[in-house]
Every structure is written in C-alpha cells, then in structure tokens.
Amino acid sequence: MKKRKLLPILLALSLIAVGCGKNSAADVNVSTDSSEAVRQEETEDDGEDTVEKTPVSAEDIDVSKLEPYVINIFRPGTGTTEDIEAVNAALSELTLRDMNATVNIQMVSMGTYVQQLNLLLTSGEDLDLFYPSSISPNVLISNGQIIPITDLLDQYGKETKAAISDADWGTCTLDGEIYLIPCNEDKAINIGFEMRKDIADEIGFDYTQDRDYTLDELYDLFVAVKEAHPEMYPVGANMGDTWSRLEVDTLSDNLGVIVNPYGTSTTIENLYETDFFKERVAYMYKLAQEGLIIPDASTNTESRESLIKSGKIFGGFAHMKPGFAEEKGRSAGYELVTVQIAPAFSTTEHVSQGGYAISASSKDPARAMMFANKAYTDPEYANLLVNGIEGIHYQFTDDSKTVIELADGADASDYSRSPFLHLNQGITYIWDGDPIDLWEQFEKYNSTATASPAKGFTFDNSGVLNEITACNNVVGKYRQALLAGSMEPEENIAKFNEELKANGIDSIIAEKQKQFDEWLAAR
Amino acid sequence: MKKMQTRKKKKVKPYLPLFLMMVPGMLYLLINNYLPMAGLIIAFKQYNFRDGIFGSKFAGFSNFEYLFKSSDAFIITRNTLLYNLAFIVLNAILAVTISIVLYELKSRMAKKIYQTVILIPYMISIIIVSYLVYGFLATDIGFVNTHVLEPVFGIKSYSWYSTKTAWPFLLVFIYLWKNSGYSTIVYYSTLMGIDPGYFEAAVVDGATRWQRIRYITLPGLKSTVITLVLMAFGKIFYSDFGLFYQVPMNSGPLYDVTNTVDTYVYRGLMQLNNIGMSSAAGFYQSCVGFVLVLTANLIVKRISEEDALF
C-alpha cells in the first residue's frame, strides 16, 4: 500500500519543483541592491529644469555619488552560459570602476530575437539598452517603448555625440528628438551580383574591373554559365527574393519611393509604376523564360549561400558592403566574387537599422547612456563586447597585437562574434582573414556613398496605417513573383498598380510627400 | 438514445469531493480564459506600451476599418467562409463513411492498422506537410511534373505555385487527408458505444447491411456529428495558418485563392506591429463565430431538440 502512495506523491513534488525552478543566466553574478536606482541630481526626467544641465564628460563622472545599479542589455547573439557570464563579469569590473554599476547582457540567437524582444518589451521586465533589429524605430516610438535620448547624449554621451556625423544623427531623429545611437557599421549599400569564382574563371569572365557592370553583360555571362553547366541555374534567390533590395530609396516601406537616390529629385513616386521597375521586371522575365533563373524562386525559403553550397545556383543579385564576398564565401562553401551594378548609396534606413535604443522601462536611463558612451568610445569595452575575453575567446596572432584569431582550445560558438551588431566595431581588433584596413574601408565606403535626397527623413505612418496594411498585401501578391520573372509583366504590372490604387497608395504617397516637403523646408 | 433526465434537487454533500476536484480546473479557466477577456478592449484602443491597456487612447472602430476597406476584403471573407464550409461538410461526410466502413470490418488486426494509419497525417506538423507537397509540386524536380505531367501528358515545367486553378481543390484535399483521421476516430468510438443487440435484432429481422447502416448506425452517429459540426461552426472565421500560408509557400500569385482573414492580417501587419489592429481582427473573428454557433444551435433546436448543444 505504501508504495502506491509514494509514487504519486513523488510525481507531484517533482512537478512543483520543476515549476518553481527558474533558470536564468542573469540572476547569478550580480549582488547589488538594484531595486534602489536613485537618480543623480542631474537627471533629464525633471522636464523643465531650472538648473543648468552641464554636460558631463566620461572622465568627470563622480562615481562615488552614484547608487549601485544593474544595467540590463539585450542583443542578438549566441554563446554558452558560462562564457556570457564571464564576459558580463569582466565588463562589470570596468563599469563598477567607471559608473558604479554592473552589466547584465542577455542574448538570444537572431532567429528568435525579434519575438523575444517583443516579449521582453511587453512584459515590462527590467531593460535598459537594446538593439531593435528589424522592429522599425517608428513602431517603437509610437508604441511608447523607447525614450528620446537627445538630452542624455548631451549630458552623458558627449564623446559619442561628437563621433557621429549630424547627418547620421538626423536619420535617428523623429520630431526633433534623437531616439537611436546608430552602430558604426556599413551605413550604405551597393547593388551587385555575387557569383562562384571557380565557374566565373572557367568561363573567362573578368570580374575584377572597378566599374559598374551592365545587366546585358551579365545576361551574356548567364547564358554562358548555363551552357557550361546545364544542371545549374545562373541566377538564384535569397529566401524568395531575387532582388531583396533595388537601387532606390525605399523611404522605409517601398510604398512611395525616391527612385533615384543618386540624384537630387525630391519627388516621391510609386515604384511599381516607374519605367525603372518595368524594365527590371522585363529583364527578369526574359531570364526566366530562358531558364536562367531557378524555378519557384519566389517561394524558395533557402538562403542564396545555401543554394550555392548545394550547387544549385551560380550566384545571385545582392546588396553588398565592404568584405561582403569574403563573409558570404565562408557560409557558401565556395570562394565568391562580386561585381557591382549600382554604386554605394545611403538612406535613412541604412543608418538607423543598426542601432541601440534605451527602453522606456529603464529605471536609470542616464546610466544606460553612460554605458553606451563607453561602449562607443573605449576599445576596452568594445573588444570585450565584440570579441570576448583575451586568452579565453581570442588571442593575438603575433606580438604586434593588432590582429586576433580564435584562442587555442576555444570554440567559435562559445561566444559568437558578430561585430556589426555592436555599437562600435571600428575600435576593435581585426579578425584574422579580414583585410587589415577593414575599418578604413568602411569609413571610406560610408563617406563616399551618395546620400539620398531623403537621408535623414523618417516617415511617420500613423495616419495611413489602413492603407499600408492593405497595400502590403497587394505587394506581397505581386512583387516577388514579378521580380523572379514568373509572371507575365505587361498585364500583371497593370493589375498590380490598379490594386494598389484601389487600396490607397496615392494617399500614402501624398502624406509622405507632404511630410517630406515640410522636413525639407525646415532644414 | 435519450438523454438522462436530470433531477432538479440534488443533495450536494455526497458530491462534495467531486465539486472540490472541479475547483482547480475552474480556477484555471477563470484566470486563463475569463479574466483576459478584459483585454478585448485593446481592439478599440490605439495601444501604447507606456500608457498600458487602460490608459491608451480610445480609437473607436478605426482599428476594424482595414478589414473592410481594402479591395481584398471580399476575397478574404469569401475564401475563409467557403473553405471552412467545404472543410466542415466534406470532413463530416468522409469521416462518417470511413468510420462506418471501419466498424463493418471483421478483422480486428485490420481495424487497428487502419486506425493508426488514418490518424498519422493528423500528427504530422503542417510545416512538414508543406515540404511534402513541395516534393510533389516543385516545378523542376517535383514528382507530379517529372513522373506524371511530362511523360504522360507531355506538359513541361508546369508551375504549380504560380497558377491558381488547382489550389482550391489541393487545399481541400490536403485538409481532408490531414484532419479526417481525427474525426473518424471520434465517430468510430461513438459507434463502439451502440448496443450490439440492435444489430443482432436487425439481422434476425432480415435487414440487409445497407438497411442496418441506414436505420441503426447513422442515427447512432447523429448526435456526435451535430456536436462536432456545431463546434466547427464556431471556428468558421478562423483558418489553419499553416495550411493557407505555409503549404502554398507564401506564393504571391496564389493569394486570391489562399488568402484568408488570418493570413491577410499577418501579411498586412508584419512590419507595422500594431497590436490594436491585430486584436480587432481576432475580435471580429470571435464575434462572427459566436453568432454563428448560437444561430446554428437555434436551428438544430427547432429540428431535433435533444441534439442541440445548449
């Protein structure tokens, strides 16, 4: 009899134990009373302050006056629990010294990052600094999830403010307030075609010329590739997109664009009615008819690199940045080369899509800004964030201490390295294999990229949400299929535009143009 | 099969342990299903995370507009309703037929094997199903194109994912293949509950197999069929997202025949992340389902009172 009662009791107890246990990498290291985050005297929360707010340089912060605090940071990334905790501990040593706070960086892999971020933001859990990823800053602002940081920058982020150009700050501004600190990364894109080097050499195609290649030249290349390798398709797609970006300024949603970002025209047009779009679609249709594009391109969920790896495609149209071929070559399994079709241009989205924002639920935004400032300007901070701990995650290749590689005994997955996800990769060590002047290349790339006439302008879409929702559905119906050449262009583009008009694209464009003209006039 | 007459006055005390056992479940239902209903108000608000649910600005019915104003409004409503009607009716017919056939089988071994096999598709994730379908319908390497259309009919590279015509039939077929197994098992278990004495008496009276089915088996299933169908009506405005988004591989040209209310809302709001508008869609779906269930129940009550749900 006793045995019979024991088992259910044990089961019930184990269920309770499982339910109560909370395994979070976060709770462990930190031993401060974070609940009292008393603000210093100079805090921006007081609204209209009669006291002069003097900008405080990073060195001047009087650490002894600050209450202990835990800075919670959330960003995409992967790593083992031990390694993340180790990096947090190492960073905390620095932050305790500089701002009497410890850091708690949590990370989640990119695949589920946005969902987790949404959960984190809606649950109201402690969060100070985070990387918005693909969530549009507009959405975060209108939902009240992030706070303006203009004053915080002036007070605690002086160095960061000075290090970033006014034009770039403009792209993170809405209604006169700055909301994001843009990451120091590629802030422009150039459009081109990436392809397998071995097959290109085999055909004898010269991809080394430093100029813009024409689509007709590429057509000849595709025909040659198809002849030499009939089982392979010259042009592939990346998760359904043959052209994930076109050389236009999308003005955040592709509904009403500036068709020529290299020019000076400030007229916003419907991309899908322009000759540019019609010609591009006609070109893709021709390619598809001749069997040069992979079938079912628009429904294929594979990435371009994995299709290259499996030998199904020769290459694909892509939007690029410095070091693109080397980076993609690593995941494609073959050496890749690229040719340019359209030169580098920069729009608001290119700058603001990589940045960090301060959450509205932060209890000490000043502290978060202090940390961001340090992360942007201090190589000690930046290297810890990007590369991990010296000796454990990385080591120098030689005594000159300029280039680093994976540390002996470490695994690349212990603390994953994605430099572009951080505030300032430009002050970190160069990874073995990348060009030694990679950061200079980035600088040059960013500064020589043509700025679109609308760079700095952010569209506030709250007045046309219904139209955008409806038009998004219409775009989903036609765009990918048209650009993959799987639909007959003439009649389908006409139908496409008819449906867009029926769903209010003209109101969207009118509203955008109105806001844009106001923004231009105010400059 | 008459329902048991319930006694109006019941003594609570002997049943107290049973009531107590109900309490955790009821508590869970209260907290998980009833309390959150207060959140329905989100559909009428312009939700702002800083102001919270009750502090956010009131938006009236503006969150619902996008569902009706667009040129696709009619299409998504038509697709959702017609597909679901087809699913409910055909599923019922198919499942009843198969369950009767199963019931008539003599071999116990055969019954068990068929039961398992019929139920397996229900267990397969719809994502896997979408890739199975892709294996059949891919333009260049799909089974149908390479082994049926080309050798037999001489049709080359028929692009299944770009042509609308076949998809309504395909989707109904896939739905039935996946879900009829579950209904079959439910009906079959009802059949098991019919007193075999009826069948024996019928055989003695000289009834043919078809007569037995018509006068004993089918009436025995009536209540279960009505219950399942009524419950399905409540979900008539919902759709299996996997079936309508994943299986057609989110292919644009197919939108006219595969876009339902759920996929439309997803596609439209993916970038906008607007909580108010997506809540409005859910609210609309539940309301329609609620009205339909009540109406259908009323109709059933008129026809055959004891079979109505409530």
Side-chain angles (χ1 to χ4, degrees), chain A residues 114 118 121-122 124 134-136 138-147 233 240 252-254 288 291 294-301 312 359-361 461-462 465-484 486-487 492 496 498-504, chain B residues 46-52 55-56 62-73 75-76 127 130-131 134 137-142 145 157-163 246 248-256 258-259 263-278 281:
Chain A
V114 176
N118 269 321
L121 290 170
T122 50
S134 57
I135 305 183
S136 153
N138 265 2
V139 168
L140 292 168
I141 297 170
S142 65
N143 280 343
Q145 289 166 307
I146 58 178
I147 58 171
Y233 295 97
S252 84
D253 54 16
N254 261 314
I294 187 172
D296 293 331
S298 55
T299 55
N300 201 311
T301 50
K312 285 218 80 168
S359 158
S361 62
N461 62 10
S462 48
L465 286 177
N466 293 341
E467 288 81 355
I468 294 183
T469 313
C471 287
N472 275 337
N473 261 283
V474 180
V475 171
K477 204 160 131 181
Y478 288 98
R479 183 187 159 121
Q480 275 183 338
L482 280 170
L483 284 173
S486 47
M487 278 174 139
N492 283 301
F496 185 15
E498 225 180 273
E499 287 184 38
L500 280 175
K501 288 211 190 309
N503 282 299
Chain B
Q46 203 175 319
Y47 188 67
N48 183 310
F49 283 90
R50 270 203 277 197
D51 298 332
S56 294
S62 62
N63 283 336
F64 291 83
E65 281 172 22
Y66 77 103
L67 290 168
F68 302 97
K69 268 195 181 163
S70 83
S71 65
D72 289 326
I75 295 181
I76 57 178
I127 313 291
S130 72
Y131 282 101
Y134 186 69
L137 299 180
T139 310
D140 49 342
I141 48 168
N145 277 9
S157 296
Y158 181 75
S159 178
W160 287 93
Y161 288 94
S162 300
T163 352
Q246 305 281 6
M249 294 246 156
N250 192 19
S251 173
L254 300 179
Y255 276 19
D256 280 338
T258 61
N259 220 356
T263 57
Y264 182 80
V265 173
Y266 179 79
R267 288 175 177 133
L269 294 178
M270 256 292 275
Q271 279 88 34
L272 290 181
N273 204 16
N274 188 311
I275 305 266
M277 284 163 87
S278 38

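Chain identifiers are assigned alphabetically (A, B, ...) following the order of the sequence lines, protein sequences preceding nucleic acid strands; residue numbering begins at 1 within each chain.
- No other option in A:N300, A:D253, A:T299, A:I468 has as many heavy-atom pairs under 4.5 Å with chain B as A:T299.
- Most heavy-atom pairs under 4.5 Å with chain A: of the set B:I275, B:D256, B:L254, this distinction falls to B:D256.
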### Task
Applying side chain to side chain contact (heavy atoms under 4.5 Å, CB included), run through A:T301 and B:Y131 and close with a yes or a no.
CA-CA 11 Å; A:T301 50; B:Y131 282 101; 2.9 Å; yes
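- Neither the backbone nor the side chain of B:S56 comes within less than 4.5 Å of any heavy atom of chain A.
- For B:N250, the side chain to side chain donor-acceptor pair (under 3.5 Å) partners are B:Y245, B:Y255, B:R267, not counting sequence neighbours.
- Nearest heavy-atom pair, A:N472 versus B:G268, reported as atom, atom and distance to 0.1 Å: ND2-O, 3.3 Å.
- In this structure, A:D296 contributes its side chain and B:A138 its backbone to no donor-acceptor pair below 3.5 Å.
- Nearest approach of B:T139 to A:P295, heavy atoms of both residues: CB-CB, 3.9 Å.
- When heavy atoms are compared at a cutoff of 4.5 Å, A:F496 does not approach chain B at all.
- Only the side chain of A:N118 comes within contact range of chain B, with heavy atoms under 4.5 Å apart.
- For a residue to count as touching a neighbouring chain, one of its non-hydrogen atoms must lie under 4.5 Å from one of that chain's; by this rule B:Y134 touches chain A with the side chain only.
- For B:Y264, the parts lying near chain A are the backbone and the side chain together; criterion is any non-hydrogen pair under 4.5 Å.
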#### Entry: A:L465 and B:N63: CA distance, side-chain angles, deciding distance, side chain to side chain contact (heavy atoms under 4.5 Å, CB included) verdict
CA-CA 9 Å; A:L465 286 177; B:N63 283 336; over 6 Å; no
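- The two residues A:E499 and B:S71 have their closest heavy-atom pair at O-OG, 4.5 Å.
- Identified by a heavy-atom distance below 4.5 Å to chain B, the contributing residues of residues 475-483 of chain A are A:G476, A:K477, A:A481, in residue-number order.
- Ranking A:N492, A:I135, A:N473 against chain B, the residue ahead of the rest is A:N473, based on heavy-atom pairs under 4.5 Å.
- For B:S159, the part lying near chain A is the side chain, with the backbone staying farther off; criterion is any non-hydrogen pair under 4.5 Å.
- For B:S162, the part lying under 4.5 angstrom from a heavy atom of chain A is the side chain only.
- Checking side-chain atoms of A:N503 against main-chain N and O of B:S70 turns up no donor-acceptor pair under 3.5 Å.
- With a 4.5 angstrom heavy-atom cutoff, A:N138 does not touch chain B via any of its atoms.
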